There are 2 protein chains.
Amino acid sequence: MAAYDHPDPATFELTLVLRALADPARLEIVRHLARVGEANCATLIGTRPKSSMSHHFQVLRDSGILRTRIEGVQHRNSLRHEELDTRFPGLLTAVLNAP
Amino acid sequence: MAAYDHPDPATFELTLVLRALADPARLEIVRHLARVGEANCATLIGTRPKSSMSHHFQVLRDSGILRTRIEGVQHRNSLRHEELDTRFPGLLTAVLNAP
DNA sequence: TGCCTTGTTCGACTGTTATCGAACAATATG
DNA sequence: CATATTGTTCGATAACAGTCGAACAAGGCA
């Protein structure tokens, strides 16, 4: 599998980021990554099928919220917290701190 | 016209707030209110018809982002910035500061 | 090579949301 | 009272987004 395309921080769009975060499943993913740092897709799948999760990861990736690193057969995901902060300071932190 | 119902800050839901902000038209409204403090619907209507705007105001109101005060025939809108901050500290500020 | 694991892609379906005209409601004002 | 102003509600339509099974792709390993 070829590496993923990750958008440049300068091109992050606020509405895309907010929309990506405005979904319970994706918010769960983001919060989990904030705790564990890095995780592959499999460990993040709860009850949802793989195809649904794959979709959510793509939305999060396209908006700039996370990056996916390929290692063998696994795809390791982590937050792009610093990069997000360079364009939207404090946004991700506020979301992560929210109840 | 009877007064509007405004949700209590303790019941604000993050996904609702993020979804409300994740729309260009509504983001524009929020940014305008941040500048001018208070404004009635008419002054916020650009090219969109009244019915569309009325819908967006309702979404913003229901999520807790703004309050609407009725004065005569006008509906004056303003951000519930402090109340939003009590539940989601820094969130609205981060959104307002974003490019 | 054959098989297992990990994820993606495709296609269809479903539910939600935005948009907008038209009719309506409420208040002020002449 | 008649009319103008301000905004809501209704109903229809169209676009979008989430869900999920099935097929596919690629790497690791026996």
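What you see is a predicted model, and the numbers here were worked out from it, not measured in a lab. Only this structure's heavy atoms are used, side chains among them; waters, hydrogens and symmetry mates stay out.
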**Q** What is the distance from CD1 of B/I70 to P of C/dT27, rounded to the nearest Å?
**A** 9 Å
**Q** Test side chain to side chain contact (heavy atoms under 4.5 Å, CB included) on B/Y4 and B/H75 and set out the steps.
**A** CA-CA 10 Å; B/Y4 289 100; B/H75 296 199; 2.9 Å; yes
**Q** In whole angstrom, what separates B/M53's CE from D/dT9's P?
**A** 16 Å
**Q** Give the cluster check for A/L18 versus B/L16: same hydrophobic cluster or not, with ILVMFWY residues linked at side-chain heavy-atom distances below 4.5 Å.
**A** no
**Q** Grab the CZ-C1' distance between A/R61 and C/dG7 for me, whole Å please.
**A** 10 Å
**Q** Side chains of B/S63 and B/R19: do they bring a donor and an acceptor to under 3.5 Å?
**A** no
**Q** Give the rounded distance in Å between these two atoms: CZ of A/F57 and C1' of C/dG7.
**A** 10 Å
**Q** I need a per-nucleotide contact map over nucleotides 14-20 of chain D, read 5' to 3'. Cutoff is protein heavy atoms under 4.0 Å; write B for the base, S for backbone only, - otherwise.
**A** ---SSBB
**Q** The criterion is side-chain hydrogen bond (donor to acceptor under 3.5 Å, both in side chains); which residues satisfy it with A/T86, sequence neighbours excluded?
**A** none
**Q** Main chain of B/L79, side chain of B/R67: is a donor-acceptor contact present, judged purely on distance under 3.5 Å?
**A** yes
**Q** Please list all pairs passing the side chain to side chain donor-acceptor pair (under 3.5 Å) test where one or both residues lie in residues 26-50 of chain A, with sequence neighbours left out.
**A** A/R26-A/H56, A/H32-A/R35, A/E38-A/R69, A/N40-A/T43, A/N40-A/Q74
**Q** Give me the distances for all protein-to-nucleotides 4-7 of chain D N/O pairs that come in under 3.5 Å?
**A**
{"from": "D/dT6", "atom 1": "O3'", "to": "B/V73", "atom 2": "O", "distance (Å)": "3.4"}
{"from": "D/dG7", "atom 1": "OP1", "to": "B/C41", "atom 2": "N", "distance (Å)": "3.1"}
{"from": "D/dG7", "atom 1": "OP1", "to": "B/H75", "atom 2": "N", "distance (Å)": "3.2"}
{"from": "D/dG7", "atom 1": "OP2", "to": "B/A42", "atom 2": "N", "distance (Å)": "2.7"}
{"from": "D/dG7", "atom 1": "O3'", "to": "B/H75", "atom 2": "ND1", "distance (Å)": "3.1"}
{"from": "D/dG7", "atom 1": "N7", "to": "B/K50", "atom 2": "NZ", "distance (Å)": "2.7"}
{"from": "D/dG7", "atom 1": "O6", "to": "B/K50", "atom 2": "NZ", "distance (Å)": "2.8"}

**Q** In whole Å, what is the span from the CG atom of A/D62 to the P atom of C/dT9?
**A** 10 Å
**Q** Identify, with sequence neighbours excluded, every residue that meets side-chain hydrogen bond (donor to acceptor under 3.5 Å, both in side chains) alongside A/R80.
**A** A/E83
**Q** Partners of B/T68 by side-chain hydrogen bond (donor to acceptor under 3.5 Å, both in side chains), sequence neighbours excluded?
**A** B/R61, B/N77
